[in-house]
Asks: 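Before I ask anything, here is the structure I am working with.
All heavy atoms count here, side chains included; hydrogens, waters and symmetry mates do not.
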Amino acid sequence: MLQPMFERLEQLFPELIDFRRDLHMYPELSFQEVNTPIKIAEYLSKIGLEVKTGVGGNGVLGVLKGGKPGKTVALRADFDALPIQDEKDVIYKSRVPGVMHACGHDIHTAGLLGVAKVLSEYREYLPGTVIFIHQFAEELLPGGAVSMIEAGCLDGVDVIYGAHVSSDHPVGVIGVKAGYMMAAADSFYIEITGKGGHGAYPHKAIDPLVIGSQLVLNLQQIVSRRVDPLQAAVLTVGSFQAGKAFNVIPHTVTLSGTVRTFNENVRQKIETSLQQIAKTTCEGAGATVTVDYERGYPAVCNDETETERIHQLAKLLVGEEQIEVLEARMGAEDFAYYLQHVPGTFFYVGGRNSEIQAMYPHHHPMFDVDERSMLVTGKLFISAVMNYLTEGKILPEAQEAKVGLET
């Protein structure tokens, strides 16, 4: 059953490359996606799927109903770009000044469209339904996932899978992690108001720069002294802006930074402690303070059962030596919101290939990945869908994904 599907995906590879490169040449920023969702919707319509547009904003859903009744699987890809100038010397270089696909979302989108086309051609064998979630605005808060969920993209969904191409891993490698995989990412902005004055007469001023410096040190005690050392957490002050003149005590200073956590109780404790320490530090020195704490995406917590499913299917596809059990990382991803509603898992697929200069980090102006990663992701998605809907009866045969890497 799966071998013909895999072969069909390989036949579609040139078509997927064309679609991906078109997206790469004409990227669109988060919440500004206009033409990209139109292209996605047109493709899904042509292959006979029920298509919903404007889902939660700029989102697109493709609904594929199988020939037999059963459960519902959702697959998700994001399609927004970043405000970065593309500096690659390739024929598909971005033609939009200052905007590029520097994270691989074009790969995600084209690859998922290929999966949709293959499964649509085998719909009579599908004992259930597949929902293709094409999400906008993953890169920018509040993200597109929340509004798409509110608009009903997960209605009736039993399980969800998502994948991200990785320039950290060679093409052909698959990374999995059960439980907490990525952190909650919060930000804070602090403004301290003192009393400005001449640098020669500090006793006549209330120096917010000194108070801010003390606050930076005090905030470091939150993780080191208030958080259980067995719980991972990061608090980083990344910006400290004060006066401009060498002999002037400024009237105000501003601090900003990020907090990364996994456990929700730890997340709440840090937020409360930050507010408390900022207040006591500043007011104790005679200054006033305002704190704006903004919660970002929650932590990505992969379901144990579904992660193990992907792990075992990946092992059959690419071999145990090509599987990496990942460590939890402090990056963030709004796929976390989907996992708060239904079980599922988020995994990584290698795209690194130095032979084609695809070895730069994500969000780098030279970023690129090996397009064959779409085949590996696609075969694993197809395997997961068929395995889940048939309650484990359909498994891929060994070596099949490796064939795709020779295309």
Side-chain angles (χ1 to χ4, degrees), residues 30-31 137-147 149-150 179-197 202 205-244 249-301 328-337 339-340:
S30 305
F31 297 103
E138 186 278 329
E139 296 285 1
L140 188 65
L141 290 175
V146 171
S147 60
I149 293 169
E150 291 173 349
Y180 285 118
M181 182 186 191
M182 301 180 76
D186 301 338
S187 56
F188 59 87
Y189 305 86
I190 301 173
E191 181 175 271
I192 304 169
T193 303
K195 181 181 178 182
I206 298 174
D207 192 340
L209 198 155
V210 172
I211 299 169
S213 299
Q214 185 61 55
L215 178 57
V216 172
L217 296 177
N218 290 349
L219 291 178
Q220 302 312 305
Q221 298 177 32
I222 295 177
V223 173
S224 66
R225 288 297 176 266
R226 299 196 182 195
V227 173
D228 183 341
L230 297 180
Q231 296 286 349
V234 171
L235 189 157
T236 296
V237 177
S239 172
F240 190 135
Q241 298 181 354
K244 298 180 179 179
I249 294 173
H251 186 61
T252 62
V253 302
T254 58
L255 310 177
S256 62
T258 186
V259 172
R260 304 293 171 115
T261 56
F262 295 107
N263 183 281
E264 189 62 29
N265 291 331
V266 172
R267 187 185 194 187
Q268 181 60 57
K269 186 177 186 66
I270 292 179
E271 180 180 354
T272 301
S273 298
L274 186 147
Q275 297 272 5
Q276 180 187 59
I277 290 175
K279 186 176 190 298
T280 56
T281 300
C282 297
E283 292 183 356
T288 60
V289 63
T290 59
V291 179
D292 180 13
Y293 192 99
E294 183 177 7
R295 288 203 164 204
Y297 302 152
V300 173
C301 189
R329 53 189 62 192
M330 288 297 178
E333 165 59 72
D334 77 345
F335 190 81
Y337 289 115
L339 295 175
Q340 290 182 334

Asks: Enter the distance from F262:CZ to R267:CZ here, rounded to the nearest 0.5 Å.
Replies: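 CZ of R267 is found 12.0 Å from CZ of F262.
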Asks: Looking at R295 and E264, does any basic side-chain N land under 4.0 Å from a carboxylate oxygen?
Replies: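 Judged by the 4.0 Å cut-off on N to carboxylate O distance, R295 and E264 do form a salt bridge.
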Asks: For the atom pair OG1 (T236) and CZ (F188), what is the distance rounded to the nearest 0.5 Å?
Replies: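 It is 7.5 Å, given to the nearest 0.5 Å.
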Asks: Do L219 and V237 pass the side chain to side chain contact (heavy atoms under 4.5 Å, CB included) test, and can you show the C-alpha distance, the side-chain angles, and the key distance before you say yes or no?
Replies: CA-CA 9 Å; L219 291 178; V237 177; 4.2 Å; yes
Asks: Which word best sums up how the rings of Y337 and Y297 line up, parallel for under 30°, tilted for 30 to 60°, or perpendicular for over 60°?
Replies: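 If you compare the ring of Y337 with that of Y297, the planes turn out perpendicular.
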Asks: Is the shortest side-chain heavy-atom distance between T261 and I270 below 4.5 Å?
Replies: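 Yes. Closest side-chain heavy atoms under 4.5 Å.
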Asks: Just do the side chain to side chain contact (heavy atoms under 4.5 Å, CB included) check on Y189 and E294 with the steps written out, would you?
Replies: CA-CA 8 Å; Y189 305 86; E294 183 177 7; 4.2 Å; yes
Asks: Got a second to check how far L339's CG is from E333's CD, nearest 0.5 Å?
Replies: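 Spacing of CG (L339) from CD (E333) equals 9.5 Å.
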Asks: Output all residues satisfying salt bridge (charged side-chain N to carboxylate O under 4.0 Å, His left out) with D207, sequence neighbours left out; order by chain, then residue number.
Replies: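 For D207, no residue satisfies salt bridge (charged side-chain N to carboxylate O under 4.0 Å, His left out) once neighbours in sequence are set aside.
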Asks: Looking at R260 and M330, would you say the former's side chain and the latter's main chain have a donor-acceptor pair under 3.5 Å?
Replies: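 Answer holds: yes.
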Asks: For residues I277 and L215, determine if any side-chain heavy atom of one lies less than 4.5 Å from a side-chain heavy atom of the other.
Replies: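 Yes, at least one pair of side-chain atoms sits under 4.5 Å.
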Asks: Going by heavy atoms in the side chains, are V253 and F240 under 4.5 Å from each other?
Replies: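 When only atoms from C-beta onward are counted, F240 and V253 do touch, with a gap below 4.5 Å.
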Asks: Output all residues satisfying salt bridge (charged side-chain N to carboxylate O under 4.0 Å, His left out) with E138, sequence neighbours left out; order by chain, then residue number.
Replies: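 Salt bridge (charged side-chain N to carboxylate O under 4.0 Å, His left out) check on E138 returns nothing, list empty.
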Asks: I need the minimum non-hydrogen distance between L209 and A242, along with the two atoms involved.
Replies: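 Of all heavy-atom pairs spanning L209 and A242, the closest is CD1-CB, 3.5 Å.
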Asks: Using modelled atom types and a 3.5 Å cut-off, is there a donor and acceptor pairing between side-chain atoms of T258 and backbone atoms of D186?
Replies: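 Side chain of T258 to backbone of D186, a donor-acceptor pair under 3.5 Å: yes, one is there.
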Asks: Whether the Q268 and T272 side chains hold a donor-acceptor pair (N or O, under 3.5 Å, no angle test) is what I'd like checked.
Replies: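 Side chains of Q268 and T272: pair found under 3.5 Å.
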Asks: Are the side chain of S147 and the backbone of G144 linked by a donor-acceptor contact shorter than 3.5 Å?
Replies: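 Answer holds: yes.
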Asks: State, to 0.1 Å, how close P298 and A336 come at their nearest heavy-atom pair, and which atoms those are.
Replies: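 Heavy atoms of P298 and A336 come nearest at O-CB, 3.3 Å.
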Asks: If you compare all heavy atoms of A332 against all heavy atoms of A185, which two are closest, and at what distance to 0.1 Å?
Replies: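 Nearest heavy atoms, A332 then A185: CB-CB, 3.5 Å.
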Asks: Rounded to the nearest 0.5 Å, what separation is found between the OG atom of S273 and the CG atom of N218?
Replies: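 The OG atom of S273 sits 12.0 Å away from the CG atom of N218.
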Asks: If you round to the nearest 0.5 Å, how far is OG of S30 from CD of E139?
Replies: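 Those atoms lie 6.0 Å apart.
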Asks: Apply side chain to side chain contact (heavy atoms under 4.5 Å, CB included) to V291 and L274, showing your working.
Replies: CA-CA 9 Å; V291 179; L274 186 147; 3.6 Å; yes
Asks: Check salt bridge (charged side-chain N to carboxylate O under 4.0 Å, His left out) between E191 and all other residues, then give those that pass, not counting sequence neighbours.
Replies: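 Applying salt bridge (charged side-chain N to carboxylate O under 4.0 Å, His left out) to E191 gives none.
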